[in-house]
Amino acid sequence: MESIITDFHVDLYALVAQLVNFSIVVAVLYFFAFKPIVKMMTERSDKIAQGLKDAENSRAQLDNTEIETQSLLKEARRQADLIIAEANNQATENQSAILIKTKEQVQAVVNQEKENIENELAKTLLSLKRETALLAVTMAEKILGEKMDVQMDESFINKITQ
């Protein structure tokens, strides 16, 4: 080894000093650069891991929310179908009630009009009988050639019309 030192002209004191300086630089870099960088990278890895964990939790919550939303939508559709069915039933009942009421009103109007027609017919027949009787009296007067007085006309008309 001594031959190497003499052949290459290595100074042992300078080598030891270089070694000490290198050790000091490595120690300083380790404490002031490497450790903070490793700490920062560890913190960053932890943040990334926490972010991934939070994202997974958010995805799970989203899935649960979607399931709940679907459940709520199904329930809302079911309730809407019930309400529509109830409204249809109520409309059918109302339609039937209105139809019955309308038929009753139509029947009442028809009956009233029949009664009015019968009254008009009776009045017309009575008037026709009177006119016929008056015509008969007038014809009888012409045939008989004499005039009857008013009292006789009335009694004759009443006999004929009854």
Side-chain angles (χ1 to χ4, degrees), residues 1-135 157-158 160-162:
M1 174 142 189
E2 207 154 306
S3 68
I4 295 175
I5 293 176
T6 54
D7 288 341
F8 288 106
H9 303 290
V10 175
D11 185 11
L12 192 61
Y13 293 112
L15 185 64
V16 170
Q18 291 272 338
L19 187 63
V20 168
N21 285 338
F22 183 74
S23 297
I24 291 172
V25 169
V26 167
V28 167
L29 284 176
Y30 177 79
F31 287 110
F32 292 109
F34 184 70
K35 257 185 151 179
I37 289 174
V38 168
K39 183 180 177 185
M40 185 177 67
M41 289 179 67
T42 304
E43 289 174 358
R44 180 71 180 150
S45 295
D46 290 344
K47 283 182 184 180
I48 290 172
Q50 184 65 36
L52 291 173
K53 185 178 177 183
D54 290 344
E56 186 62 34
N57 288 340
S58 295
R59 182 176 303 273
Q61 286 179 348
L62 179 63
D63 291 342
N64 289 339
T65 304
E66 286 179 7
I67 291 170
E68 288 177 20
T69 302
Q70 292 298 326
S71 174
L72 289 174
L73 284 174
K74 285 180 184 178
E75 179 64 22
R77 283 186 194 117
R78 187 185 65 77
Q79 287 180 356
D81 290 342
L82 288 175
I83 290 170
I84 289 170
E86 185 177 322
N88 286 337
N89 289 339
Q90 186 67 32
T92 303
E93 290 175 10
N94 288 345
Q95 183 182 16
S96 298
I98 290 171
L99 186 61
I100 290 169
K101 187 175 181 180
T102 303
K103 284 181 180 179
E104 289 174 355
Q105 289 175 346
V106 167
Q107 189 62 37
V109 169
V110 167
N111 290 340
Q112 181 67 36
E113 288 303 314
K114 280 183 182 178
E115 188 178 311
N116 288 344
I117 290 171
E118 288 173 0
N119 288 340
E120 284 295 318
L121 183 60
K123 286 179 185 177
T124 304
L125 285 176
L126 183 62
S127 175
L128 187 58
K129 282 183 181 182
R130 288 192 176 265
E131 290 292 322
T132 305
L134 185 60
L135 185 58
I157 290 172
N158 285 336
I160 292 173
T161 58
Q162 291 179 1

Rounded to the nearest 0.5 Å, how far does [atom2] of [Y] lie from [atom1] of [X]?
| X | Y | atom1 | atom2 | value |
| --- | --- | --- | --- | --- |
| Glu104 | Leu99 | CD | CG | 10.0 Å |
| Gln112 | Ile117 | CD | CD1 | 10.5 Å |
| Glu66 | Leu62 | CD | CG | 4.5 Å |
| Thr69 | Asn64 | OG1 | CG | 10.5 Å |
| Gln95 | Ile100 | CD | CD1 | 11.0 Å |
| Gln79 | Leu72 | CD | CG | 10.0 Å |

Any side-chain heavy-atom pair of Ile24 and Val28 under 4.5 Å: yes
Any side-chain heavy-atom pair of Leu135 and Glu131 under 4.5 Å: no
Look at atom CD of Gln105 and say whether more than 12 heavy atoms of other residues, nucleotides or ligands are closer to it than 6.0 Å. yes
Can you confirm whether the side chains of Gln50 and Asp54 place a donor and an acceptor under 3.5 Å from each other? yes
Is a side-chain N or O of Ser71 found less than 3.5 angstrom from the main chain of Ile67, in a donor-acceptor match? no
Does Gln61 offer a backbone N or O that forms a donor-acceptor pair with the side chain of Thr65 under 3.5 Å? yes
Closer than 4.0 angstrom, basic N to acidic O: yes or no for Glu75 and Arg78? yes
